[in-house]
Amino acid sequence: MTKDRYIYLKLGIILLLQMLILEIFKRYPKIFVLKLVIILSICFIIFAIGFLINHHLAFIGYLLALITVLFFRTEIDKNYSNIDYFNSWINNLFSNKTIFINVFGNLVLYIPFIYYLNLFGNKNSKKYVFINIVIVFGFIIIGEYVQYLLKVGVFDLVDIVINTLGVLIYVLIYEVILWMRKIKIKVKKKIII
């Protein structure tokens with residue numbers, strides 16, 4: 001892929017993320033008040049600039065946005081942690097647009113977290129990938145628990161399952177891509193010999 005196409009791909013990803021964020025703001029106006037929208041917009045700008053020029057800056061923008069979304073929303077007084085609640089989400093996933101957006105948002109919420117952990121570490125070590133999964137899972141659990149304690153969110157089993165599923169899907173795709181690259185390298189070596 002040429003450098004120009006790579007930039008266009010990054011810009012496309014940023015545009016898709018911005019559209020998703022705007023849709024979430026529109027769907028949840030009681031949670032995302034104006035002050036929060038402004039803070040998240042600044043975080044997104046930091047992330048977008050970092051995504052284009054510096055991964056460390058992008059990670060900082062992402063972490064600031066993640067912390068803002070998790071801990072600085074308006075108060076919520078319900079605690080959803082029973083199996084009936086989970087089943088109702090599964091049953092209404094494709095018939096209710098709000099549930100679909102929430103599920104999709106929770107699915108991709110922690111993917112950048114593990115992406116950047118893998119990017120800054122030893123990508124080839126299976127042990128390191130496992131440690132990153134444990135770190136992200138721990139952050140998910142702690143995040144849900146702190147939301148519950150601060151009454152700015154709920155300890156939600158659905159969120160935990162979906163966040164973890166998103167991370168595992170990313171890891172699976174990441175491992176398949178690494179495996180395919182290894183096969184491609186082996187094939188090239190055989191052709192050269």
Side-chain angles (χ1 to χ4, degrees), residues 1-25 36 39-73 101-147 153 159-189:
M1 186 176 278
T2 66
K3 197 171 186 176
D4 289 338
R5 286 187 183 175
Y6 191 62
I7 292 292
Y8 291 138
L9 178 63
K10 285 184 169 187
L11 289 172
I13 290 170
I14 290 171
L15 182 62
L16 286 172
L17 283 172
Q18 185 61 41
M19 289 178 1
L20 176 65
I21 290 168
L22 290 174
E23 186 65 28
I24 291 170
F25 288 162
L36 193 59
I39 293 168
L40 286 172
S41 297
I42 292 168
C43 293
F44 183 78
I45 290 168
I46 293 168
F47 170 79
I49 291 168
F51 190 68
L52 291 171
I53 61 172
N54 183 310
H55 286 297
H56 291 88
L57 184 61
F59 187 57
I60 290 168
Y62 164 74
L63 278 181
L64 291 173
L66 182 64
I67 290 167
T68 303
V69 166
L70 292 178
F71 305 121
F72 295 100
R73 298 180 296 185
I101 289 170
N102 193 316
V103 168
F104 182 74
N106 275 309
L107 200 61
V108 299
L109 186 63
Y110 286 95
I111 289 175
F113 197 108
I114 195 156
Y115 168 78
Y116 286 114
L117 286 177
N118 284 341
L119 185 68
F120 301 141
N122 183 1
K123 296 172 257 197
N124 297 325
S125 169
K126 299 290 183 202
K127 182 176 148 183
Y128 191 78
V129 172
F130 177 75
I131 290 169
N132 286 346
I133 292 170
V134 171
I135 290 170
V136 175
F137 183 71
F139 195 86
I140 292 168
I141 297 293
I142 291 168
E144 290 294 320
Y145 188 65
V146 171
Q147 284 181 27
D159 285 354
I160 293 169
V161 169
I162 295 171
N163 293 152
T164 304
L165 184 63
V167 168
L168 294 176
I169 290 171
Y170 167 78
V171 169
L172 179 66
I173 292 169
Y174 179 77
E175 290 298 321
V176 167
I177 290 171
L178 285 179
W179 177 73
M180 289 171 60
R181 285 182 183 166
K182 287 178 185 176
I183 289 176
K184 187 176 179 182
I185 291 170
K186 286 180 182 178
V187 168
K188 282 184 178 181
K189 284 182 180 179

Quick check for you: to the nearest 0.5 Å, what is the distance between [X] atom [atom1] and [Y] atom [atom2]?
{"X": "I111", "Y": "I173", "atom1": "CD1", "atom2": "CD1", "result": "7.5 Å"}
{"X": "L70", "Y": "I142", "atom1": "CG", "atom2": "CD1", "result": "12.0 Å"}
{"X": "L40", "Y": "I45", "atom1": "CG", "atom2": "CD1", "result": "11.0 Å"}
{"X": "L57", "Y": "F47", "atom1": "CG", "atom2": "CZ", "result": "10.0 Å"}
{"X": "Y170", "Y": "E175", "atom1": "OH", "atom2": "CD", "result": "9.5 Å"}
{"X": "L172", "Y": "I177", "atom1": "CG", "atom2": "CD1", "result": "10.0 Å"}

Original post:
In terms of ring plane angle, is the pair Y115 and H55 parallel, tilted or perpendicular, where the classes change at 30° and 60°?
Top reply: perpendicular

**OP:** Please work out which of the three classes, parallel, tilted or perpendicular, describes the rings of F113 and F139, given edges at 30° and 60°.
**Re:** tilted

If we only count heavy atoms from C-beta on, is the [X] to [Y] side-chain gap below 4.5 Å?
{"X": "V146", "Y": "F71", "result": "yes"}
{"X": "N118", "Y": "Y174", "result": "yes"}
{"X": "I135", "Y": "N132", "result": "yes"}

Write down the atom of [X], the atom of [Y], and the distance for their closest heavy-atom approach.
{"X": "L64", "Y": "I46", "value": "CD1-CD1, 4.5 Å"}
{"X": "F137", "Y": "I160", "value": "CE1-CG2, 4.2 Å"}
{"X": "A58", "Y": "Y116", "value": "CB-OH, 3.2 Å"}
{"X": "V171", "Y": "I114", "value": "CG2-CD1, 3.6 Å"}

Original post:
Applying the side chain to side chain contact (heavy atoms under 4.5 Å, CB included) test to Y62, which of F44, Y110, F51 qualifies?
Top reply: Y110

**OP:** Please check if the side chain of N106 supplies one atom and the backbone of N163 the other of a donor-acceptor pair under 3.5 Å.
**Re:** no

